[in-house]
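A short worksheet on the structure shown next.
Counting begins at 1 with the first residue of the sequence. Computed from a predicted model, the values in this text were never measured in an experiment.
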Amino acid sequence: MSVMEMSHRGKEFLSIIQKAESDLRTLLSIPEEYAVLFLQGGATTQFAAIPLNICTPNDAVDYVVTGSWGDKAYKEAVKYCKPNVIWSGKSEKYTKIPNFDTLEPNPDARYLHICANETIHGVEFKNYPTPIGEKTVLVADMSSNFCSKPVDVSKFGIIYAGAQKNVGPSGVTIVIIKKDLIGNAQGSTPVMLDYKIHAENNSLYNTPPCYGIYMCGLVFEDLLEQGGLGEVEKKNKKKAEILYEAIDSSNGFYRCPVEKSVRSLMNVPFTLAKPELEGEFVKTAAGEEMVQLKGHRSVGGMRASIYNAMPLAGVEKLVAFMKEFQAKHG
């Protein structure tokens, strides 16, 4: 019987989801006082679920907006609480992350929201802010760098992530939430967005994305076999280093707009000094079986996404191609 055919409440599937949660807890050293929820609707659904679950409509919350996803999260929260953007990188085209010590967060904010890694613009938090308010919790969208490196979960109130970048198929959304934040949802919260409902039912209130959870579980097993997230991070750093080095040593033929200290290990955006060559770059690379290198339509240029599953050999092939392309067109 396929996992897709199993009753989600049968003992066979229960063993799958319980093992997936157990392995994820081991990978991230998730403390006992945190619940792990396997949900649906993508991280985008959590943009609404988070304020609905932990805020009243009049609660102030702070957002640090370092890219498109952080901006979308803020705009959704406007409907359910009183969010305030305490810093935005929009005017500088989302190429940096602020020094948190220079910001003025609201000490009464219910939570401080960040997007840990911005896929479109390629900026990544290398360390995380500590909220100043006694009741302020840190909330992070980790969709695109989830399980790419170790994280101290105890510093966060909520970590949420769509699975599709690093740990499984689209359709699974993982929420790691401190248990004392559960159970205070606004009265208008839809039942499917209420963390209390999902926590009480062990993510089985309705039929979850069973096959996607099964695939996530296989990935967690593999990450553990690789030696855990410390070893995974070493591999990701090496891949990113050789790609950024190829860009930085190209005498300006290739350029990465992101401030070096916050360059993403997952998403590497770059442009060509001659923009008219970008179409040919993408087309020629596709002929060499390197696809989806075109940058997001909102920023243009190129973007190489080098998630956990991308082997070092793939990045080395791209770097070799980039050098050949520069030799031909430089």
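- Although no hydrogens or angles enter the test, the distance criterion places no donor-acceptor pair under 3.5 Å between the side chain of Ser203 and the main chain of Ala199.
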Output side-chain donor-acceptor pairs under 3.5 Å for residues 287-298, partner residues at least two apart or in another chain, one line each.
from   : atom 1 : to     : atom 2 : distance (Å)
His296 : ND1    : Ser298 : N      : 3.1
His296 : ND1    : Ser298 : OG     : 2.8

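- Every side chain to side chain donor-acceptor pair (under 3.5 Å) that Asn236 has, sequence neighbours left out, goes to Lys239, Asn308.
- By the ring pair (Phe, Tyr, Trp, His ring centres under 6.0 Å) test, Phe47 pairs with no residue at all, sequence neighbours left out.
- Under the side-chain contact (heavy atoms from CB on, under 4.5 Å) criterion, Pro311 pairs with no residue at all, not counting sequence neighbours.
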Please tabulate, for side-chain N and O atoms in residues 34-45, each donor-acceptor pair with protein atoms closer than 3.5 Å (sequence neighbours left out).
from  : atom 1 : to     : atom 2 : distance (Å)
Tyr34 : OH     : Val153 : O      : 3.3
Tyr34 : OH     : Ser154 : O      : 3.4
Tyr34 : OH     : Phe156 : O      : 2.6
Gln40 : NE2    : Thr207 : O      : 3.2
Thr45 : OG1    : Gly41  : O      : 2.5

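- Of the charged side-chain nitrogens involved, none lies within less than 4.0 Å of a carboxylate oxygen, so that Lys238 and Glu241 do not count as a salt-bridged pair.
- A donor-acceptor pair under 3.5 Å is formed between the side chain of Asn106 and the backbone N or O of Asp108.
- Using modelled atom types, one side-chain atom of Asp141 and one backbone atom of Ser143 make a donor-acceptor pair closer than 3.5 Å.
- Qualifying side-chain contact (heavy atoms from CB on, under 4.5 Å) partners for Gln226, counting only residues two or more places apart in sequence or in other chains: Asp222, Leu223, Val232, Lys235.
- Ser144 and Asn117 share a side-chain donor-acceptor pair at under 3.5 Å.
- Remark: the Asn84 side chain and the Tyr74 side chain contain no N/O donor-acceptor pair separated by less than 3.5 Å.
- Applying the side-chain contact (heavy atoms from CB on, under 4.5 Å) test to Asn58 and every residue at least two apart in sequence or in another chain returns Thr56, Lys82.
- The salt bridge (charged side-chain N to carboxylate O under 4.0 Å, His left out) test applied to Asp59 returns no partner, not counting sequence neighbours.
- Between Glu324 and Lys328 there is no salt bridge, since no side-chain nitrogen of the basic residue lies less than 4.0 Å from a carboxylate oxygen of the acidic one.
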Scan the side chains in residues 118-126 for donor-acceptor partners under 3.5 Å anywhere in the protein, sequence neighbours excluded, and list what turns up.
from   : atom 1 : to     : atom 2 : distance (Å)
Glu118 : OE1    : Ser68  : N      : 3.4
Glu118 : OE1    : Trp69  : N      : 3.1
Glu118 : OE2    : Gly67  : N      : 3.3
Glu118 : OE2    : Gly70  : N      : 3.0
Thr119 : OG1    : Trp69  : NE1    : 3.1
Glu124 : OE1    : Lys126 : NZ     : 3.4
Glu124 : OE1    : Leu265 : N      : 2.8
Glu124 : OE2    : Asn145 : ND2    : 2.9
Glu124 : OE2    : Lys149 : NZ     : 3.2
Lys126 : NZ     : Arg263 : O      : 2.7

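- Listed by chain and residue number, Tyr160 satisfy the side chain to side chain donor-acceptor pair (under 3.5 Å) test with His113 (two or more places apart in sequence, or in another chain).
- Judged as a ring pair (Phe, Tyr, Trp, His ring centres under 6.0 Å), and not counting sequence neighbours, Tyr205 has no contacts.
- Evaluation of the salt bridge (Lys or Arg N to Asp or Glu O under 4.0 Å) test over residues 193-219, restricted to residues two or more places apart or in two chains, returns Lys196-Glu200.
- Between the side chains of Tyr63 and Tyr111, at least one donor-acceptor pair of N or O atoms lies under 3.5 Å.
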